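Structure first, then comments.
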Amino acid sequence: MSSDQDHLKETDTEERFAFKKEEQAAVRSDKGLTEEVVRLISEDKDEPEWMLERRLRALEHYQNMPLPTDWPGQPDLTELDIEEIVPYIRPDVDKREGADSWDDLPEDIQDTFEKLGIPEAERKALSGVGAQYESEVVYQNMQEQWEEKGVVFCNMDEAVQEHEDLVKEYFMTSCVPPSDNKFAALHGAVWSGGSFVYVPEDVTVEMPVQAYFRMNSEGMGQFEHTLIIAEEGSEVHYIEGCSAPKYGSHNLHSGGVEVFVGEDAHVQYSTVQNWSKNTYNLNTKRALVEAGGRMEWVSGSMGSKATMLYPCSVLKGRGASTNNITIAFAGEGQNIDTGAKVYHNAPKTNSTIESKSISKDGGRTNYRGLVHISDGAVDSSTSVECDALMFDNESTSDTMPYMEINEDRVDVAHEATVGKIGDEDVFYLQSRGLDDDDAKQMIVSGFIEPITEELPIEYAVELNRLIELEMEGSLG
């Protein structure tokens, strides 16, 4: 690694994320969403007929479903023109299944991920590392000790070929069907890349599995699919990072995440998303949790023009539980709409939702959540806590909790606080030698600490640094 790259990684978070490369594509689809584009993607990937059929069914759903436009206070999607988005760009990489080593990658892709710190993460001995560039996973690696225990970590395109039975059973069938919403249907038609994780019964993957998704080209869409299957008694922590440079035209990220948590299994899914301010970030993420299973979502979202992100957990069996922690940051011209959905469909299920949001320079954050407790889900409990911090009178923050309680014998709690950074707090810290900016950054760091303490140290440091840059108005 060059000394310049070392310097970038150590000192300049802004440049690490803001740089861009000239596009070098082996295959580039036309703009828009048509049957011809869908068939091109499937043919280029040499997919089995059943996957093409699923793509075409998803396309039908997409064509018959309206955009969500009537939600109270939702982000404005009128500037998003799907017909101007390029849904598929395969970078010019020799090996379609991904390179075996970094040395096999083209120099420009190596340079991109070196600056983003992906090789560094691998050298820190994570369980596995994957990297996606545009629409293709260009590198994937899994430590041998986990492969020997039957753990699978590969890209989704490879999983369709090598683990067809599992993918055919779980892919967009019971967890996130394409009929769920407009963007799930869009995703089902043109999905490309993403991660496949399979953990056998009673296996604990003791170190995190990491994936990174990078959009480099202008006016493109990225539609990676993540499928995690954790069998009974297993445990795994999956972490992803996302970024894109700023261009004059809009980009679209519409990923799909499906997590299957077996009985007494434990899955943590963490994501730090730093999109540019021309990116619409519209995702569908859901977990099905069996009896005694536990699902944890940890999300940090910032940078995009508009985000609509609501991880959902369906608690199917007795004693299943979920914990959702979210941090959102909105600056000038940004509308970050985040939250969580939980369905309590069995007795003694438990859920907690903790949302932290920060807005400045007229930005808007919103918590939009749903907790549903079904009839018969006795002795279940839920707790929702939403805290919002604003820097000025132009910024806004809203809380839109929705609760459907169909059972009497349950515990339900909701708490929300909204406030500005207090002058007295800033003055106190200034009296201890900090200037105004450092004082405000310290207050924000303390405010988001419940989020960062759930992340590995390198991600927590990165999240804090990104928020500092947003506070300085340096990104996007």
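What you are looking at is a predicted structure, and each value in this text was computed from that prediction instead of being measured.
With hydrogens and angles ignored, the 3.5 Å screen pairs no side-chain donor or acceptor of R57 with any backbone N or O of A189.
Ionic pairing of K285 and E240 is present here: one or more N-O contacts between side-chain nitrogen and carboxylate oxygen are shorter than 4.0 angstrom. Under 4.0 Å is where a charged nitrogen must lie from a carboxylate oxygen, and between R55 and E47 at least one such pair does. In summary, K348 and D379 do not engage in a salt bridge, as defined by a charged side-chain N under 4.0 Å from a carboxylate O. Comment: R294 engages E296 in a salt bridge, judged by a side-chain N to carboxylate O separation of less than 4.0 angstrom.
Between K305 and Y280 the shortest side-chain heavy-atom distance falls below 4.5 Å.
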Problem set entry | Candidate pair L288 and S174, rule side-chain contact (heavy atoms from CB on, under 4.5 Å), full reasoning | CA-CA 9 Å; L288 302 183; S174 58; 3.8 Å; yes
Exercise. Step by step, would you call Y310 with M308 a side-chain contact (heavy atoms from CB on, under 4.5 Å)?
Worked result: CA-CA 7 Å; Y310 323 103; M308 298 176 72; 3.6 Å; yes
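Aromatic ring centroids of H372 and H344 lie 6.0 Å or more apart. Two rings, from Y269 and W297, have their centers less than 6.0 Å apart. Annotation: Y88 is not in aromatic contact with W191 [ring centroid separation under 6.0 Å not met]. Centroid-to-centroid, the aromatic rings of Y170 and F260 come within less than 6.0 Å. Taking the six-membered ring for Trp and the full ring otherwise, the centers of F223 and H253 sit at least 6.0 Å from each other.
The aromatic rings of F153 and Y238 stand perpendicular to each other, their planes meeting at an angle above 60°, with 30° marking the opposite boundary.
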